[in-house]
Amino acid sequence: MAEETAGQDQPADSSERAPPDWAELGRLLSRGYIDSGFIGGVTRVPVEHVVRDMLSEARADEQVAELRRCAAAAGIDAGKARILEVGSGCGMTVVRGRTAHGLDIHGIEPSMGEYSSTLDVCRRLIEHYGLPADAVRDATGEAIPFADASVDIVYSSNVLEHVGDPVAVLDEALRVLKPGGLLLVVVPNYGSWWEGHYGILWVPGMSARLAKLYVRLLGRDPAYVDTLNLIDRRWFDRWRARHGARVEVLDWGWDLFETRLRTLGFGDWAALSVAKRIVTLVHRSGLLEPAIWLARRLHWETPIIFVARKG
């Protein structure tokens with residue numbers, strides 16, 4: 001595998017640049033979401049809200065903050081680490097990580113099919129800010145174009161459920177990590193009660209066949225289920241068992257999940273506004289404590305925030 005060019009080459013005047021043409025970028029994204037059938041068939045969130053969230057600097061800053069928090073808990077200074085984001089989408093985390101937070105962060109995003117519009121937007125943002133053209137590469141997680149043991153942190157958020165072969169993606173992430181490096185994967189928990197793409201309550205552990213019937217009853221496109229890997233905590237347990245002592249699990253995201261439940265301290269991005277209304281009803285019903293007790297025992301934390309160290 002070819003080694004990624006070291007360093008950030010961050011432009012000194014990035015803070016003085018005029019903002020990107022957000023309207024044009026939004027039009028590109030909107031077309032992709034509408035043409036793919038995601039808007040309407042899957043989510044009922046208006047396309048302008050989906051686009052706003054995807055291009056949100058505040059959302060990207062939240063992701064950088066979460067990355068820093070998890071790295072610090074594992075004894076790693078993200079500011080001194082070489083970071084790879086698997087599935088960079090529009091590139092906001094890479095762009096903000098470099099221009100606003102001084103991180104040495106790189107990314108990969110595939111160009112095929114439904115991802116072509118996001119990679120197009122990503123490339124335009126990279127060019128606008130004068131970042132290296134290969135800051136985000138056209139690649140899949142199953143074939144990461146980085147050398148063995150060349151990265152301190154591999155980060156991926158809401159991507160693993162969409163890839164062709166999630167086992168291969170995590171195996172590749174482990175390959176490019178240095179010994180002692182950190183794997184941080186945020187992924188929906190299909191062993192829990194929430195599905196964020198459709199923005200609906202979920203039945204924990206549903207098979208794909210039942211899930212298609214369920215979403216059809218709700219008037220949504222069942223074909224989208226076939227594009228999802230219905231990952232839960234047991235899935236991760238099977239993966240890490242294959243690697244034995246090479247993978248030390250540090251966290252599953254429970255503490256953050258419990259804090260969010262108790263405080264309603266999570267954003268309204270995409271369909272999360274619906275989830276927040278549901279949790280608010282649980283608060284008002286007086287069922288919060290029983291719900292937390294049961295959720296802890298049945299591993300309902302969502303999303304799963306899988307944090308592991310490479311041995």
Side-chain angles (χ1 to χ4, degrees), residues 45 53 56 58-76 78 85 87 93 153-161 166 170 182-206 211 228-241 247-309:
V45 176
D53 294 347
S56 169
R59 183 172 182 256
D61 290 344
E62 284 184 12
Q63 291 178 318
V64 170
E66 180 64 11
L67 193 160
R68 285 187 179 277
R69 182 191 70 81
C70 291
I76 296 176
E85 182 183 32
T93 302
I153 301 172
V154 174
Y155 169 69
S156 183
S157 180
N158 295 289
V159 170
L160 197 64
E161 73 272 24
L170 291 192
L182 193 69
L183 175 61
L184 169 55
V185 178
V186 182
V187 64
N189 181 3
Y190 286 97
S192 188
W193 287 91
W194 178 250
E195 209 297 312
H197 304 88
Y198 287 99
I200 57 175
L201 287 172
W202 194 254
V203 179
M206 247 191 320
L228 298 172
N229 301 306
L230 305 183
I231 290 169
D232 58 14
R233 182 152 167 176
R234 289 177 299 175
W235 186 93
F236 274 103
D237 283 335
R238 290 193 296 270
W239 176 78
R240 67 171 180 162
V247 176
E248 177 192 0
V249 177
L250 305 179
D251 195 10
W252 293 96
W254 171 262
D255 288 344
L256 182 60
F257 174 65
E258 182 177 354
T259 298
R260 287 172 172 172
L261 283 183
R262 292 188 181 281
T263 65
L264 297 175
F266 54 96
D268 291 338
W269 311 117
L272 280 178
S273 58
V274 179
K276 183 171 282 190
R277 289 198 295 271
I278 293 169
V279 176
T280 300
L281 288 175
V282 173
H283 274 252
R284 292 173 178 171
S285 70
L287 295 175
L288 180 63
E289 293 305 323
I292 289 175
W293 181 89
L294 195 59
R296 179 185 289 275
R297 280 148 186 81
L298 297 179
H299 303 304
W300 286 346
E301 59 268 29
T302 188
I304 292 172
I305 304 176
F306 181 75
V307 187
R309 181 184 288 117

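Heads up: numbering here begins at 1 and tracks the sequence. These numbers were taken from a predicted model, which means no experiment stands behind them.
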query = What do the steps show when you test Arg309 against Leu250 for side-chain contact (heavy atoms from CB on, under 4.5 Å), and what is the final call?
reply = CA-CA 7 Å; Arg309 181 184 288 117; Leu250 305 179; 3.6 Å; yes
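Screening residues 278-293 for side-chain hydrogen bond (donor to acceptor under 3.5 Å, both in side chains), with sequence neighbours left out, gives Arg262-Glu289. The salt bridge (Lys or Arg N to Asp or Glu O under 4.0 Å) contacts involving residues 271-283 comprise Asp268-Lys276, where partners must be two or more places apart or lie in separate chains.
Remark: Arg234 CZ is loosely packed, at most 12 non-hydrogen atoms of other residues, nucleotides or ligands lying under 6.0 Å away.
The shortest heavy-atom contact between Trp194 and Ile200 is CE3-O, 3.3 Å. Between Arg233 and Ile304, the shortest heavy-atom contact is N-CD1, 3.7 Å. In this structure, Trp300 and Pro204 approach most closely via the heavy-atom pair NE1-CG, 4.1 Å. For the residue pair Cys70 and Leu182, the shortest heavy atom distance occurs at O-CD2, 3.9 Å. In terms of heavy atoms, Leu230 sits closest to Tyr190 at CA-CD1, 3.5 Å. Summarising the geometry of Leu261 relative to Leu288, their closest heavy-atom pair is O-CD1, 4.1 Å, with the distance given to 0.1 Å.
Remark: of the listed residues Trp252, Trp235, Tyr155, Trp252 is the sole one forming a ring pair (Phe, Tyr, Trp, His ring centres under 6.0 Å) with Phe306.
Val186 places none of its side-chain heavy atoms less than 4.5 Å from the side chain of Gln63.
In this structure, the side chain of Glu62 does not engage the main chain of Ala60 through any donor-acceptor pair within 3.5 Å. Using a distance-only test at 3.5 Å, with no hydrogens or angles considered, a donor-acceptor pair links the side chain of Asn229 to the main chain of Leu160. Asn189 places a side-chain N or O within donor-acceptor distance of the main-chain N or O of Glu301, the cut-off being under 3.5 Å. With Arg240 contributing its side chain and Val249 its backbone, the two residues share no donor-acceptor pair below 3.5 Å.
A salt bridge links Glu66 with Arg69: at least one charged nitrogen is closer than 4.0 Å to a carboxylate oxygen.
Residues Trp254 and Phe257 place their aromatic rings such that the two centres sit under 6.0 Å apart.
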